[in-house]
Number of protein chains: 2
Amino acid sequence: MVAEDAANLFGVLSNTDRLCIIRVLVEAGPSGMSAGDIARKIGASPSRASFHLNALSEAGFLHRERQSRTLNYRIDFNRIGALITFLMEDCCKGSAELRNCCSMRLG
Amino acid sequence: MVAEDAANLFGVLSNTDRLCIIRVLVEAGPSGMSAGDIARKIGASPSRASFHLNALSEAGFLHRERQSRTLNYRIDFNRIGALITFLMEDCCKGSAELRNCCSMRLG
DNA sequence: CTTTCATTTCAATGATTCTTGAAATACCCT
DNA sequence: AGGGTATTTCAAGAATCATTGAAATGAAAG
């Protein structure tokens, strides 16, 4: 991944509403959740939730699928994985020191 | 780490100049690099480099130390590590699927 | 075919962030 | 002290981003 793309993805993550949406959709699992339910869950107006859902979808963090009347969103882990890989490998050159700074198990 | 802090840290990383500075300082290693050398290396004016160096320092990604006339900056991996941990553990609840999406070795 | 529900889009406004160049500060040397 | 180098700070303006509420779209159901 090129730095400009990474910067844009970080920009999408630099908002608490959007981080909150990601968390909610991780909890929701593979079945995902409708835009309305997400909006209620994060305490945002429909248009505000839609704005952030769109930013996340455009960036590739989410998949959107219409299910009759509702739009169902679900998480896609690939972009987050690519971003973590960028940070550790491209940006920090696989630094062992950085690995030690991550508190989860890293091989 | 609380979501608002993570959002702010992502905001700091959402800029190519700043990602570039991090890369340059990872390469520079523990001895770090002066503000002027960093500015030249990333092709930015002194004041622009200073603006971004300040953002990175305030966020805790960098350490600053005066060495006689020059200010020396060096990378601190702890914040990046904390951010990766937030993303994998807090935000994505340690998802095994996310781990599979990271191309480096994860235990 | 009109109504209703779910969601997005739009326009206006406010807030934040970035860039630039000039001025200020900090330090060193003679 | 005075002059030079390194860096930051500041003010102004441009650009980007977020919020709001109203209007538009899409899909189902009476």
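Residue numbering restarts at 1 for every chain, and letters A, B, ... go by the order of the sequence lines. No hydrogens, no waters, no symmetry mates; every other heavy atom, side chains included, goes into these values.
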### Message
Between A:R66 and A:R69 (side chain of the first, backbone of the second, donor and acceptor by atom type, cut-off under 3.5 Å), is there such a pair?
### Response
yes

Correct closest heavy-atom pair for A:C102 and B:T85 would be CA-OG1, 3.5 Å

A:M33 atom CE is separated from C:dA6 atom C1', nearest whole Å, by 16 Å

CG (B:N8) and CG (A:N15) are apart, to the nearest 0.5 Å, by 10.5 Å

Nearest heavy-atom contact between B:L9 and B:R79 is CD1-CD, 3.8 Å

note: B:I42, atom CD1; C:dC18, atom P; distance rounded to Å ~ 13 Å

Closest non-hydrogen atoms of A:R64 and A:S57, given as atom of the first, atom of the second and distance, are NH2-CB, 4.0 Å

*Please state whether the phosphate of D:dC17, meaning OP1 or OP2, lies under 4.0 angstrom from any side-chain nitrogen or oxygen of A:H52.*
no

What one should report as the nearest heavy-atom pair of A:V12 and A:A59 is CG2-CB, 3.9 Å

Tested for side chain to side chain contact (heavy atoms under 4.5 Å, CB included) against B:I21, the lone hit among B:T16, B:L53, B:V26 is B:L53

Whole-Å distance, A:F10 CZ to C:dT17 P, equals 17 Å

Scoring nucleotides 1-16 of chain D by protein non-hydrogen atoms under 4.0 Å (B base, S sugar-phosphate only, - none) yields ---BBSSBB-------

To the nearest 10 degrees, the angle between the two end axes of the helix from C:dC1-D:dG30 to C:dT30-D:dA1 (five pairs per end) comes to 10°

Tightest non-hydrogen contact, residues A:Y73 and A:L25, listed as O-CD2, 3.4 Å

**Message:** Would the distance check show the side chain of B:T70 and the main-chain N or O of B:N72 forming a donor-acceptor pair, the cut-off being under 3.5 Å?
**Reply:** no

Within a radius of less than 6.0 Å around CD of A:E58, do more than 12 heavy atoms belonging to other residues, nucleotides or ligands occur?
no

Here the residues of residues 12-32 of chain A within 4.0 Å heavy-atom distance, strictly under, of DNA chain C are none

